[in-house]
Amino acid sequence: MIFANLDKLPPDPILGVTAAFRADPSPDKIDLGVGVYRDDAGNTPVPAAVRDAERALLDVQTTKTYVGPMGNAEFNQRIVELALGPLAAGLEDRTATIHTVGGCGALRVGAELIRASWPDAIVNVSDPTWANHEPLLGSAGVALARYPYYDAASRGVAFERMLEHFGRLPSGSIVLLHACCHNPTGADLDAGQWSALAEVIENRGLVPFLDLAYQGFGDDLESDVLGLRLLAARVPQLLLALSCSKNFGLYRERTGALAVIAGNAATAAAIATHQARTARRMYSMPPDHGAAVAARLLGDPALRAAWASELAGMVSRMKALRELLAGHFAARRPDRDFSWLTRHRGMFSLAGLDSTAIGELRSTHHVYVPPDGRINIAGVSEANVDRVADSIVAVLD
Ligand code: LMR
């Protein structure tokens, strides 16, 4: 019997939290798990500008014939322009971009390319990193290592240790960096740190692989890509995985791209052929709808401005929730410092919860967080903040 040797697997560390939350009949349950934005009513909206772009697209789209393994060419160009800004034009002939099945697809195609062209490469990821980074990249067959990133005591970036570590990595090592809104810690590099890091990356000949899953979710569309642009202006080669899940609210449309900046135009042209072959062999072509919507929105100045202002609204809500929750924690535990909550950026913070606390949160308080103790700030609301604060404070050591 084929498959008879397969044992049942444990739940996915993040998606398993959603499943457990859905199965909990308690009316008081609170989901601080999977990284989706929520409004005050607990809904994950499609931004109005995205819906408008979608409607406009439906009016003019006359075919759904294949687009090809590289996906939607207009999307590829516009999404890279959004990320790289004024640098995009100058780098165009050295950039090979493939539209992928979400940001995960971009990371996976990137890992496949790395393994195919340099089987001995080591991809270094932050410690800690998003729970799916290592499974996603590692199952493409690339070797993985970790670099120091998070300082649990200060709840900030262990920058000196990180820099020192980068300074010792062999030339050609690949370093996976979260462009903004570090997942799961919420601790980001500041402008000075990005600049110092870029210098070491350039001098050591390291290859940055940027994961940009949250552009516009930290501070704004421009500030969130400052580090990426610093690197792109400096280093000869770079990989960039882009996701439209959060900022465009296109989660289930699986819309992303992998842009590879190569040393020269001929290499970029060759990379494009390998990107296409990789996609063809794995899934053939990406789904078009989300990319067509995002391309349409980005190409329409009015829709783009409306979207940027909706995004700004989401960011100010998340920042306000951070203030609110920090205030509630401080009121309950004046002996402890919760200022890290307002220093962090994006949807996530590590709340310093151990596995016992996480289990107790779920079983006693019906509050759901992933096994690394990450909390999704967007899951907090005016209505549940008291319960969130009470529950977390009750399980803190
Ligand atoms: C998350 O970190 O929760 C999101 O990126 C969703 C996912 O696929 O894990």
Side-chain angles (χ1 to χ4, degrees), residues 9-22 29-39 42-46 100-111 125-140 149-150 176-188 209-218 224 240-258 283 286-287 290 294 311 314-315 318 321 344-351 353 358 361-362 367-380 388:
L9 293 171
D12 178 88
I14 294 176
L15 304 182
V17 178
T18 308
F21 173 80
R22 287 183 180 151
K29 62 185 178 178
I30 297 173
D31 184 6
L32 304 183
V34 69
V36 298
Y37 177 79
R38 292 207 173 83
D39 62 19
N43 299 319
T44 301
V46 184
T100 54
V101 185
C104 287
L107 289 162
R108 181 55 186 256
V109 172
V125 303
S126 66
D127 184 17
T129 196
W130 174 47
N132 202 29
H133 266 150
E134 288 167 310
L136 192 56
L137 302 167
S139 56
Y149 184 78
Y150 185 61
L176 186 84
L177 299 161
H178 300 226
C180 62
C181 307
H182 187 270
N183 183 0
T185 69
D188 278 353
F209 190 167
L210 276 286
D211 186 357
L212 178 57
Y214 295 92
Q215 185 178 3
F217 255 53
D224 291 354
L240 170 63
L242 293 148
S243 168
C244 298
S245 295
K246 332 281 166 160
N247 51 6
F248 287 85
L250 284 168
Y251 305 88
R252 66 174 64 166
E253 301 296 350
R254 310 310 300 136
T255 308
L258 172 75
Y283 53 82
L311 207 45
M314 295 187 213
V315 173
M318 287 185 282
L321 287 173
H344 291 165
R345 283 289 170 275
M347 281 197 285
F348 308 124
S349 279
L350 276 187
L353 303 164
I358 293 164
L361 264 184
R362 186 184 287 202
V367 173
Y368 287 76
V369 302
D372 59 6
R374 183 189 82 176
I375 54 172
N376 177 7
I377 301 297
V380 181
V388 169

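We count ligands from 1, going down the list as the structure has it; atoms in each ligand are counted the same way. Along the sequence shown, residues carry numbers from 1.
Atoms of ligand 1 lying under 4.0 Å from any heavy atom of Lys246, numbered from 1 in the order shown and given with element: 4 (C), 5 (O), 6 (C). For ligand 1 and Tyr214, the ligand atoms under 4.0 Å from any heavy atom of the residue are 5 (O).
The aromatic ring centres of Phe348 and His182 sit 6.0 Å or more apart.
The nearest pair of heavy atoms linking Arg374 to Pro184 is CD-CB, 3.5 Å. When all heavy atoms of Leu176 and Val125 are compared, the closest pair comes out as CD2-CG1, 4.0 Å.
Scanning all protein heavy atoms for the shortest distance to atom 2 (O) of ligand 1 gives Arg374 NH1, 2.8 Å. Taking atom 8 (O) of ligand 1 as the reference point, the nearest protein heavy-atom neighbour is Trp130 CZ2, 3.6 Å.
For Ser126 and His133, the side-chain atoms include no donor-acceptor pair closer than 3.5 Å. When only modelled atom types and interatomic distance are considered, Ser139 and Arg108 share a side-chain donor-acceptor pair under 3.5 Å.
In terms of polar-atom proximity, defined here as any N/O pair under 3.5 Å, Leu15 makes no such contact with ligand 1.
Residue-level proximity to ligand 1 for Val36 is absent, since no heavy atom of it falls below 4.0 angstrom.
Considering each of Asp12, Asn132, Val34, the one bringing a non-hydrogen atom nearest atom 6 (C) of ligand 1 is Val34.
Judged by the 6.0 Å distance and 45° axis criteria, Lys29 is positioned over the aromatic ring of Phe21.
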